[in-house]
Amino acid sequence: YPFMPVRLIASQRFASIEKVGRLTMPKLYLHSPTDDIIPFTHGQRVYAAAAEPKTFVSVRGGHMIAFREDRETY
């Protein structure tokens, strides 16, 4: 939202890349290259920083519709 002062009102910091390496449980990442909310490269960076065991699955569809557009992968 470029017209809103989000940085002034956002109080939470989600330091995923800094924290994900400490998680020891299995992790499954589903991400779409056409996600219009969270860049695909961000998902790839979080996955790269994650400790094993981990799996990355590229799906088709946008941020909120990939589960419908790519049911067979899900």
Side-chain angles (χ1 to χ4, degrees):
Y1 301 99
F3 56 89
M4 296 181 71
V6 175
R7 291 187 186 271
L8 297 177
I9 59 174
S11 61
Q12 296 180 346
R13 183 172 178 269
F14 297 97
S16 302
I17 292 176
E18 296 169 15
K19 296 177 180 179
V20 73
R22 297 191 302 257
L23 300 176
T24 58
M25 76 281 283
K27 292 160 286 300
L28 173 62
Y29 296 89
L30 299 168
H31 207 130
S32 171
T34 58
D35 188 326
D36 54 346
I37 305 294
I38 300 171
F40 189 69
T41 55
H42 179 76
Q44 291 174 315
R45 286 195 314 267
V46 172
Y47 174 76
E52 294 287 348
K54 61 184 180 178
T55 303
F56 189 95
V57 178
S58 180
V59 294
R60 295 185 320 271
H63 186 76
M64 297 300 292
I65 60 172
F67 70 96
R68 286 192 311 245
E69 286 191 27
D70 200 357
R71 283 179 181 236
E72 59 274 359
T73 301
Y74 271 81

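- Across all non-hydrogen atoms, the minimal contact from L23 to A51 is O-CB, 3.8 Å.
- Both M25 and I17 are members of a single hydrophobic cluster when ILVMFWY side chains are connected at heavy-atom separations under 4.5 Å.
- How far OH of Y74 is from CZ of R60: 11.0 Å, rounded to the nearest 0.5 Å.
- Hydrophobic clustering (ILVMFWY, side-chain heavy atoms < 4.5 Å, transitive): M64 and L30 are in distinct clusters.
- Residues G62 and S32 come closest through the heavy atom pair N-OG, 4.5 Å.
- In this structure, CZ in F14 is found 9.0 Å from NZ in K19, a value given to the nearest 0.5 Å.
- Relative ring orientation between H31 and F40 is described as perpendicular, the plane-to-plane angle rising above 60° on a 0-90° scale split at 30° and 60°.
- Residues F56 and V46 fall within the same hydrophobic cluster, defined by Ile, Leu, Val, Met, Phe, Trp and Tyr side chains chained together at heavy-atom separations under 4.5 Å.
- Between the CG atom in D36 and the CD1 atom in I65 there is a gap of 8.0 Å [rounded to 0.5 Å].
- Considering all non-hydrogen atoms of both residues, V59 and A66 come closest at CG2-CB, 3.8 Å.
- Put simply, V57 and Y29 are part of two different groups of oily side chains (I, L, V, M, F, W, Y) that touch within less than 4.5 Å, one to the next.
- By the 6.0 Å and 45° rule, K54 stacks over the aromatic ring of Y47.
- Minimum interatomic distance between I37 and D35 (heavy atoms only, all atoms of both residues): N-OD1, 2.7 Å.
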